[in-house]
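What follows is a single structure, written as structure tokens, with notes after it.
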Amino acid sequence: MKKYILQSIRLTLVLMVLLCILYPLTLAFAGKFSKGEGSGEKVTKNGKTVGYALIGQSFTNPEYFWGRPSAVGYNAAGSGGSNKGPSNPDYLQQVSDRVDTLLKYHPYLKKSQIPSDMVTASGSGLDPNISLEGAKIQIKRVAEYRKLDKKQVEKLVEENTEKPLLGLFGPSALNVLKLNLALDELKR
Amino acid sequence: MNTELLGIIASFAITLVIAVPLGKYLANVFAGEKTWTDFLKPFESIIYKLSGINPKEQMTWKQHLKAMLTINSVWLVYGFFVLMYQDKLPLNPDGNAGMSPDLSFNTIISFVVNCNLQHYSGESGLTYFTQQFVIMFLHFTSAATGIAAAVVFFKAFRDKTTTTLGNFWEFFVKSITRLLLPLSLIVGLILAFNGTPTSYEGKDQFISLQGDTVNVSRGPAAGMIAVKHLGTNGGGWFGVNSAHPLENPSYLTNMVEVISQMIIPIAMVLAFGYFIRKRKFAWTIFGVMTIGMFMLLIPTIMSELGGNPAIEKLGISQTIGAMEGKEVRFGPAASAYWSTVTTIISTGSVNSMHDSGMPLSGLWQLLGMMINSFYGGCGVGILNYFIYLIIAVFISGLMVGRTPEFLGHKVEAREVKIAAIITLLSPLLILAGTAIASFVFGSYGDADWAVKPANWLNNPSFHGFSEMLYEMTSSNANNGSGFEGLGDNNIFWNISTGIVLFLGRFLPIIGPIAIAGLLGAKKYIPASAGTLKTDTKTFALMTFAVILVLNALSYFPALALGPLAEYFTMIGLRE
């Protein structure tokens, strides 16, 4: 028994050097050569960091495209979903309120045109994406508030649509932050 | 064809393309036959030498269990204290606090037993030191423990009669050097170059496009996320696990992560066949497991793509599917696939919030964890399945009036008793645990704990009950996923699930190893006309029936109170 205890302790220490020091440092070194140099890819505007490419942020201004509802208000110090069950009455009321808000800002919409991602909270609370339908329903509003031609905004949405992987696997999506940055560029 | 479904098909196909040759490779590695990774031998010799281990020393099944339990105890003690005092240790750029004793108790057991139930959020609950020197360390070592245990079981059936079953330390070290570490490096690099952070920088702050001040948690996560999947651990760096955009940045990384959690469990099943030189037997096991998986997977995908009937009633278009708790970049189909994979295998990582899934998806997830051997966890999946095999051999033997035999060894009262106890253990822990929790919730709602029992549940009615049932099931299965609405960071859940985790891990390892050790030592009886063949379709069907009947009998009442009741209430809405 004593033999096993000593062997266990020694093996644990040896493996710690390998697995907790050498392994992560190797990856940290390799990560230096990735896009965000291992600290997350940043998005800049006029040389200033305005966000992380992968982290969604809150957009409430009608001049911008909006992202999905978030259970943590896009506070990326943490993360979280609503964890509301599908039959929870309070939750369904919340969804219904979100629908009303959307309809208020988009009076031209019919309820059946609202895609589910725009009225449900994401898993992480930091979802950077919306669906193509989610962007399309907002085009008219954004164009009106920005006094832009609708066609111009439509084109922007099209350009910013990320196609399925290799055109084959998974859904299409739009990165809301990148889309809004492109919008701001357009104005100037 | 729909690109979302195509993504799932491709994921499963790539899994098989990797897992099949990996199975053969693992059999060679553990049998000590020539493999192309033998260049690592000198490096392993250094590890043995520094640890005072002689890898040639043969162990009996009892010695194997002693070695395994000893090293696991060392980790338990070490981790318990380090987690409690992590605030006084280095690598804590965000200034996070130490854990409370009950949370530390729960967390360390959870990671030692390869479960990775998390009653904290990584962003605020751990430091970079504990993330790596406790959590990630255990990701490797708990997975290697399971694999080594499975190899001991393989060893018992390789030779006709044997009591020496190889060396535990050798199996354990090789699981890391020849399997987990190299694969983790590859997956870690893929993640690093697709957006997952690797540097040790702490939180960052920026002003968003709209003018809000935002903080972002970061940290060297890529290495941990790689091994959390390969080792079927599942405990993530960030609170929401692989739903977090830094933990799982794109559809590509999502495929990589879902593939990497499946390859070792499948490879272990096939390795068993190569190792004991009965490949057909392993393929029939694989067949049963795969059919089981699809029976859980297909209805899950259908219910998620179908959307939430209650939201449909509000008049919202759900052409995409149910999106609450899901990420747009994965979509409901890949989220459903992941939720099935992560529950049948004991990973428990999530890329969507299971609490917000459709009622029937919850049902299939629960059932996957209850059965816990449709592939199952790293190494332990095949051990769980072995128990079902013994029961199936025993029942078939009774039905045809022959002495039950398994791979040429008589299965007698002692072995069947052990198998029966292990079979009964799961329903006992899950159902008694849920019953006690429900009782405390109902009768002691005001108890002065970190979260009052009255405030445990995030959802009312049947779904609230499911939250408690899920937590106990996930603990017993060493799965680690959760209906995360449950307010679980308080003394009741920390201690109760801690105990369930512990028993649900070690007894289902000790039991099968004991049976295998006992059987392996018995006289070998060559197959004759009177032998019950275990590699036929008939016997596969028999095993499948045993699995279904045992689990249906054990869990149907509890499932009826939770997800089934919720489902039937909800389809009432459609009319």
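So that the names make sense, note that chain A is the first sequence line, chain B the second, and so on, each numbered from 1.
Residue K48(A) does not touch chain B at all, counting heavy-atom pairs closer than 4.5 Å. There is no contact between K35(A) and chain B, counting heavy-atom distances below 4.5 Å. Interface residue L165(A): only side-chain heavy atoms are found under 4.5 Å from chain B. Using a 4.5 Å cut-off between heavy atoms, P89(A) contacts chain B through its side chain alone, with no backbone atom that close. For a residue to count as touching a neighbouring chain, one of its non-hydrogen atoms must lie under 4.5 Å from one of that chain's; by this rule K110(A) does not touch chain B. Residue contact with chain A, scored on non-hydrogen atoms closer than 4.5 Å, involves the backbone and the side chain of V216(B) alike. Of the two parts of L13(A), neither the backbone nor the side chain holds a non-hydrogen atom closer than 4.5 Å to a non-hydrogen atom of chain B. Of the atoms belonging to Y64(A), it is side-chain heavy atoms, and not backbone ones, that fall under 4.5 Å from chain B.
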Trace of the side-chain contact (heavy atoms from CB on, under 4.5 Å) decision for I320(B) with D117(A): CA-CA 8 Å; I320(B) 321 175; D117(A) 61 313; 3.3 Å; yes
side-chain contact (heavy atoms from CB on, under 4.5 Å) evaluation trace for T12(A) with W75(B): CA-CA 8 Å; T12(A) 298; W75(B) 301 331; 3.1 Å; yes
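A distance-only check finds a donor-acceptor pair linking the side chain of D127(A) to the backbone of V328(B) [under 3.5 Å]. Side-chain N or O atoms of N458(B) include one that pairs as donor or acceptor with a backbone N or O of S82(A) at under 3.5 Å. When atom types are taken as modelled, the side chain of R10(A) and the backbone of L50(B) share a donor-acceptor pair closer than 3.5 angstrom. With hydrogens and angles disregarded, no donor-acceptor distance shorter than 3.5 Å links the side chain of E4(B) to the backbone of G170(A).
Within the 6.0 Å centre-distance limit, the rings of F140(B) and Y23(A) are counted as a close aromatic pair.
Ranked by heavy-atom pairs under 4.5 Å with chain A, the first of V74(B), I8(B), D204(B) is D204(B). Of the residues considered (Q63(B), M358(B), Q205(B)), Q63(B) shows the highest number of contacts with chain A, using heavy-atom pairs under 4.5 Å. Chain A forms the most heavy-atom pairs under 4.5 Å with one residue out of E324(B), H139(B), H244(B), and that residue is E324(B).
The aromatic rings of F206(B) and Y52(A) sit tilted, their planes meeting at an angle between 30° and 60°.
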